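Ligands are counted one by one from 1 in listed order, and the atoms in each one are counted from 1 as well. Just so it is clear, the model here is predicted, and its values are computed rather than measured.
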Amino acid sequence: MKKSILGISGSLRASSFNSALLRAAFESVGRDADVVIAEIGDLPHYNAELDGDDKPAGVSRLIEQVRAASALLIVTPEYNYSIPGVLKNAIDWLSRPAYQSPLAQKPTGILGASMSPVGSARAQSHLRQILSGTVTPVFPYPDFLAGAAHTKFDAEGTLTDEATREHLAKYVSAFLKWIG
Ligand SMILES: Cc1cc2nc3c(=O)[nH]c(=O)nc-3n(C[C@H](O)[C@H](O)[C@H](O)COP(=O)(O)O)c2cc1C
């Protein structure tokens with residue numbers, strides 16, 4: 001059966017490098033899988049009192065999308081050496097019930113872009129640690145970091161740097177093999 005990949009971007013900016021990276025990754029997926037990009041900007045702050053049978057609409061939608069997907073691709077900016085709160089909030093909503101949540105056993109790839117030379121490395125490291133708490137298997141190799149992102153995308157958000165495009169194609173190809 002054809003695989004489906006749900007993409008989640010940790011940036012809400014319209015001209016986000018990370019959302020542009022996600023779109024470039026999905027272009028590279030081509031017809032090898034169905035792809036959808038999730039909306040996480042409208043989720044309320046996590047509150048266990050709202051996390052009952054009748055969840056906020058955006059939360060139920062996201063949970064259904066994650067359950068329906070064969071795999072996730074998460075792209076994260078680095079905010080203060082970690083992942084943005086908006087992404088952590090989405091993960092918290094997706095993390096219950098512990099160990100049996102929509103994230104449990106969901107194959108997941110992590111990518112990131114940042115203007116710094118180390119290109120989201122610290123945020124990705126935190127994200128791996130967070131996803132170990134949700135028993136989410138994370139694609140182990142290769143890593144994908146787009147450092148100096150402002151030099152690699154044009155004003156329309158197209159990934160123009162040839163070496164980065166080639167590495168992204170290798171990443172996507174290995175990720176597709178890994179998810180089976
Ligand atoms: C609140 C905040 C904190 C940031 N902290 C870091 C950081 O710790 N390391 C880093 O490399 N870049 C940091 N940046 C720069 C972002 O990585 C950069 O703005 C990036 O383009 C954001 O991703 P986006 O283009 O997908 O929105 C920070 C930006 C903001 C707004």
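- Ordered by chain and residue number, the residues placing a heavy atom less than 4.0 Å from ligand 1 are Ser11, Arg13, Ser16, Phe17, Asn18, Pro77, Glu78, Tyr79, Asn80, Tyr81, Ser114, Met115, Ser116, Arg122.
- Considering only residues two or more places apart in sequence or on other chains, Gln100 meets the side chain to side chain contact (heavy atoms under 4.5 Å, CB included) condition with Pro97.
- The local environment of NZ in Lys177 is sparse, with at most 12 non-hydrogen atoms from other residues, nucleotides or ligands closer than 6.0 Å.
- The aromatic ring centres of His150 and Phe17 sit 6.0 Å or more apart.
- Pairs engaging residues 91-113 under the salt bridge (Lys or Arg N to Asp or Glu O under 4.0 Å) rule: Lys88-Asp92 [sequence neighbours left out].
- Here CZ of Phe153 is found 10.0 Å from OG of Ser19. Values are rounded to the nearest 0.5 Å.
- When the salt bridge (charged side-chain N to carboxylate O under 4.0 Å, His left out) test is applied to Lys3, no partner is found at least two apart in sequence or on another chain.
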